Every structure is written in structure tokens, then in C-alpha cells.
> 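This is the structure I want to talk about, given as C-alpha cells.
Computed from a predicted structure; not experimentally measured.
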Amino acid sequence: MEITQGIVGFIVSRAFLEAVKAEKVRSYLSANSGVVEIFDFQNFPVFDGVGIATAMVLLSKRDRPRQTRVVKVSGSIAPIDQTEKFLADSDKLARFAVPRTSLSSTPWRLSNTDISAVFARIDKAGQPLSRLCKLGQGMQTGLNSVFGGKTRAAIHAMGALPAQVRHRVRNTDIQRFHILDRDELMLYLEDVPKFSSLPAGVRRYLESERDELEKRAAFIRGNCEWWRWTWPLQKELYGGPRIVCPYLAKENRFAIDEDFSFVGLTDTTVIFPTNQKEDLKYICAVLNARLLNLRFKGIGKLKSNGIREYFDNAVSQMPIRRINWKQLRDVEIHDRIVELYDTLADAQFASCTASE
């Protein structure tokens, strides 16, 4: 705001509206200027060949309006050669205002009063997922090309034991209620006490890659042994069932890995049960429900092409309806949803098998 004494406008990446890491930018703008208007293009491709979602922001050095005008693109994305026609269509533009006080350092969730009321009602009916479960990012190897991408033949040739092998689950493998198995295997050695305990073939393979493994920043800092993963996040929580979801997705896609058959890396988010009484299948089913799919559109940061960030700090805000275990009807609903989870998982598996 030092460049003007009046009004200034920018067209910029819309990421700062919702990104957690843009907290300081939002705080500065709200404290040092009047946010007069925000034109949120959402997924509309303003610039041909540029895959960045954009927004226009109008700021005033002198005026601090009590309400910020918002224009938000909705509906389908038109081809770039129809930009003027698209923007001239009033049905494609939602216009409303938000209180200036709602624009602070926290993410700017721009919704009209009706949608905000719906979101508030959904939130009131549940509790944030973070109160029921512990969330985090998938594990980090520091060098996926060494530990991952293994075939069954390669694993057999090394002599790796079953406990030292996991199936990798990638972002695109996670479907609603089901995890696709592409049969990509990974060496998972975090439970092996020392290098000499590994099968001879695994030791020889790792020794052949030692120079590359020792170039990893975590090893140089002294944070891991040369033959281990750099950061096996939440390792102590693995072993039992947990929910996984993609890091980036257009819609809610949550599934359960019952017994640590799979391992997700940095393109996945992991949800671990804690001491909640609700069954993990109940929680997963609720997360996959259409209602929470709608709710997440007001939580997750929107990127280009309709993709949202399903990072743990966003997923943790998803409201989950808690069960009153003293109410028979509540218990019956919970148990029925748990039963339906298995049916839906089987149906998803059959659908995926049929399409292969």
C-alpha cells in the first residue's frame, strides 16, 4: 500500500485467499487497507495456457468500508475464447458482500449469507474431526526411487521379508471406500533394529545405492541413518486401521487401510483413530457423504481445474456427528452405517475390477 494514496487493484493468484501460509499477507491487507472488492474467478481460466486460479482485489488506502463487495464465478468453466460472453452472463456471477471484520489473518472463505448459514448448520451438528482423530501427512523416504517402484520379482530377488514390504498408495489410488492396488511395492525397513539384521540381498541393494542415500538432506543433518527413510511420520500409530485420503482431489475420497498393507507418502493425508468410541468405518463413511463433500468446498483451498488441497489442517476441520451412546436410535444409525460401509467398499472394488 506504500505505492498509492488512493485505490489500487491487482489481479493475482487467488491462493492467498485461503492458503494457511498466506496468513501474514491477509493480516497485512486487513490491517493496512480497506478491502473494497474481491473478484474471485475460482476455476475460470482468465489467461490462456496459464494453470493458475486468479482473483482481482481492489484496495483503498483511505476508505475502510464496513462491507467488502464480492463477485464470485460459479457454474461451468467456459472455453477461453468465450471470456467476455462468460463474464457478461449474470447467472455465472454471484454477487454479495461480507463484513470487513470477517477478513482477518484466517483464510477468507467468501460465501453469501445463505451458503454460510448452511455451513454453520452443518458445523453445529458435529465436532471437528481433530477432536476424534489424529491427522498428519504421509511418510517421507527422501529418495522414492530407491525404496519404491519395486516389482514382486525384484523384492523376491532381494529376499526381503513380508514385514519389510508395503504396497504404495498414491494420490490417484484412493477412491471412496476403496484403495486401488497397482502392485507397486516399497521397502519398509523402519521396524528393523539394525542394518546387519536385514536379508543379505537387501543389504547388497542398499549398499549399491549408498552414495545417493547419503546425499539426502536429512542424513546430512544427522536426522536419519543412511539406509532408513528420512521421516517415517507418525510411525508409532501405524499397524492398526487408519483412514487415508489424497493430498489433492476434486471430491472427497476417503478409504480405510485395515492392517498397514499400504503406505502413503507425501501425496496422501492420514487419519488415525484415537480413543473415540465411534467406529472408524462410521467416520470414513461420514467423510465420504455428499453433505461433507459440499462442506469441504468451503474449507479446502481451491487450486486450478477444480482441485482442492486435502491437507491435514483442512481435513481436520470437517464436522463429524458424534453418537449419543445412551440413545438407542443413535446407536442403531451408527451400526447401520458401519454395515453399509462394507457394502459400499465391496461395490467400489467390483466397479474398479470391472473397469480394468
Side-chain angles (χ1 to χ4, degrees), residues 136-175 177-221 223-249 253-272 310 345 348-349 352-353 355-356:
Q137 189 184 31
M139 293 186 174
Q140 298 180 18
T141 71
L143 200 58
N144 295 348
S145 60
V146 170
F147 295 101
K150 300 292 179 286
T151 63
R152 290 183 181 274
I155 291 294
H156 179 74
M158 291 181 201
L161 302 176
Q164 298 163 5
V165 180
R166 295 291 186 276
H167 293 261
R168 179 177 179 182
V169 55
R170 293 179 182 265
N171 190 310
T172 54
D173 299 332
I174 304 172
Q175 305 297 313
F177 303 104
H178 176 65
I179 301 174
L180 297 175
D181 185 0
R182 292 176 298 100
D183 215 21
E184 178 187 348
L185 302 179
M186 300 195 70
L187 288 173
Y188 179 77
L189 312 174
E190 301 310 304
D191 294 327
V192 179
K194 53 186 178 179
F195 183 74
S196 60
S197 300
L198 291 169
V202 176
R203 294 200 306 272
R204 285 194 296 270
Y205 168 72
L206 292 173
E207 287 284 7
S208 71
E209 301 286 350
R210 183 164 185 164
D211 288 347
E212 292 301 312
L213 289 168
E214 291 187 349
K215 292 178 183 178
R216 294 176 298 170
F219 171 75
I220 294 172
R221 291 193 304 265
N223 293 344
C224 70
E225 296 180 74
W226 71 267
W227 56 280
R228 292 189 185 277
W229 290 12
T230 55
W231 204 358
L233 294 165
Q234 318 287 352
K235 174 181 175 292
E236 70 281 0
L237 299 178
Y238 282 77
R242 71 197 188 288
I243 299 173
V244 293
C245 75
Y247 225 39
L248 300 172
R253 302 200 321 257
F254 295 86
I256 295 176
D257 176 18
E258 294 281 0
D259 55 5
F260 197 17
S261 298
F262 296 89
V263 62
L265 302 181
T266 53
D267 58 349
T268 60
T269 293
V270 193
I271 304 168
F272 299 96
Y310 281 75
Q348 182 67 41
F349 174 75
C352 293
T353 303
S355 63
E356 292 179 354

> Please identify each residue that fulfils side chain to side chain donor-acceptor pair (under 3.5 Å) with Arg221, with sequence neighbours left out.
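Result, side chain to side chain donor-acceptor pair (under 3.5 Å) vs Arg221: none returned.
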> As an exercise, state the distance from CD of Glu190 to CZ of Arg166, rounded to the nearest 0.5 Å.
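Taking CD in Glu190 and CZ in Arg166, the distance rounds to 10.5 Å.
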> Can you sort out the partners of Asp259 under side-chain contact (heavy atoms from CB on, under 4.5 Å), two or more places apart, ordered by chain and number?
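For Asp259, the residues satisfying side-chain contact (heavy atoms from CB on, under 4.5 Å) (neighbours in sequence not counted) are Asp257, Ser261.
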> Any chance you could measure Trp226, atom CH2, to Glu214, atom CD, to the nearest 0.5 Å?
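If we round to the nearest 0.5 Å, Trp226:CH2 and Glu214:CD are 7.0 Å apart.
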> Looking at every non-hydrogen atom in both residues, tell me the closest pair between Tyr310 and Pro246 and how far apart they are.
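For Tyr310 versus Pro246, the nearest heavy atoms are CB-O, 3.1 Å.
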> Would you indicate whether the side-chain heavy atoms of Thr266 and Trp231 approach each other to under 4.5 Å?
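No, too far: nothing below the 4.5 Å cut-off.
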> Taking C-beta and beyond as the side chain, do Val169 and Ile174 meet within less than 4.5 Å on heavy atoms?
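Val169 reaches Ile174 side chain to side chain.
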> What pair of heavy atoms forms the shortest contact from Ala160 to Val165, and how long is it?
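Ala160 and Val165 have their closest heavy atoms at CB-CG2, 3.9 Å.
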> So, taking the atom named CG in Leu161 and the one named CG in Leu189, what distance separates them when rounded to the nearest 0.5 Å?
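CG of Leu189 is found 10.0 Å from CG of Leu161.
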> Which pair of heavy atoms, one from Glu184 and one from Gly149, lies closest together, and at what distance?
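For Glu184 and Gly149, the tightest heavy-atom pair comes out as OE2-N, 3.1 Å.
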> Can you give me every donor-acceptor pair (side chain of residues 233-241, partner residue at least two apart or in another chain, under 3.5 Å) with its distance?
{"from": "Lys235", "atom 1": "NZ", "to": "Asp191", "atom 2": "OD1", "distance (Å)": "3.1"}

> So which atom in Leu206 and which in Phe147 form the shortest heavy-atom distance, rounded to 0.1 Å?
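What the structure gives for the nearest pair is CD2-CE2, 4.3 Å.
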> So, do Arg253 and Asn171 sit near enough that their side-chain heavy atoms are less than 4.5 Å apart?
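When only atoms from C-beta onward are counted, Asn171 and Arg253 do touch, with a gap below 4.5 Å.
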> To check you understand the geometry: which heavy-atom pair defines the closest contact between Cys224 and Arg228, and what is its length?
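Closest heavy-atom pair between Cys224 and Arg228: SG-O, 4.5 Å.
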> From Ile271 CD1 over to Ile256 CD1, what is the distance, rounded to the nearest 0.5 angstrom?
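Atom-to-atom, Ile271:CD1 and Ile256:CD1 are 9.5 Å apart.
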> Angle class for the His167/Phe262 ring planes (parallel below 30°, perpendicular above 60°, tilted otherwise)?
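Plane angle between 30° and 60°, so tilted.
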> Measure the shortest side-chain to side-chain distance between Leu143 and Glu209 over non-hydrogen atoms and say whether it is less than 4.5 angstrom.
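Not touching, per the 4.5 Å side-chain cut-off.
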> If I take atom OH from residue Tyr247 and atom CG from residue Asp267, how far apart are they, to the nearest 0.5 angstrom?
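Those atoms lie 9.5 Å apart.
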> Which heavy atom of Ala255 sits nearest a heavy atom of Gln175, and at what distance?
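Minimum heavy-atom contact is CB-O, 3.6 Å.
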> Using side-chain heavy atoms (C-beta onward) and a distance below 4.5 Å, is Thr269 in contact with Phe254?
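They are not in side-chain contact.
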> Please examine the side chains of Trp229 and Met186, heavy atoms only from C-beta on, and report whether any two atoms are closer than 4.5 Å.
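In contact.
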> Who are the side-chain contact (heavy atoms from CB on, under 4.5 Å) partners of Ser208, not counting sequence neighbours?
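Partners of Ser208 by the side-chain contact (heavy atoms from CB on, under 4.5 Å) criterion, ordered by chain and then number, come out as Tyr205.
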> Charged N to carboxylate O below 4.0 Å: is that the case for Glu207 and Arg210?
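Salt bridge: yes.
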> Show the atom names and distances, to 0.1 Å, of all donor-acceptor pairs under 3.5 Å that link a side chain in residues 192-200 to residues at least two apart or in another chain.
none

> For Trp227, give me all partners under side chain to side chain donor-acceptor pair (under 3.5 Å), at least two apart in sequence or on another chain.
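Result, side chain to side chain donor-acceptor pair (under 3.5 Å) vs Trp227: Glu225.
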> Just to verify, which of Lys150, Arg152, Arg168 counts as forming a salt bridge (Lys or Arg N to Asp or Glu O under 4.0 Å) with Asp183?
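Result: among Lys150, Arg152, Arg168, Arg152 is the only option passing the salt bridge (Lys or Arg N to Asp or Glu O under 4.0 Å) with Asp183.
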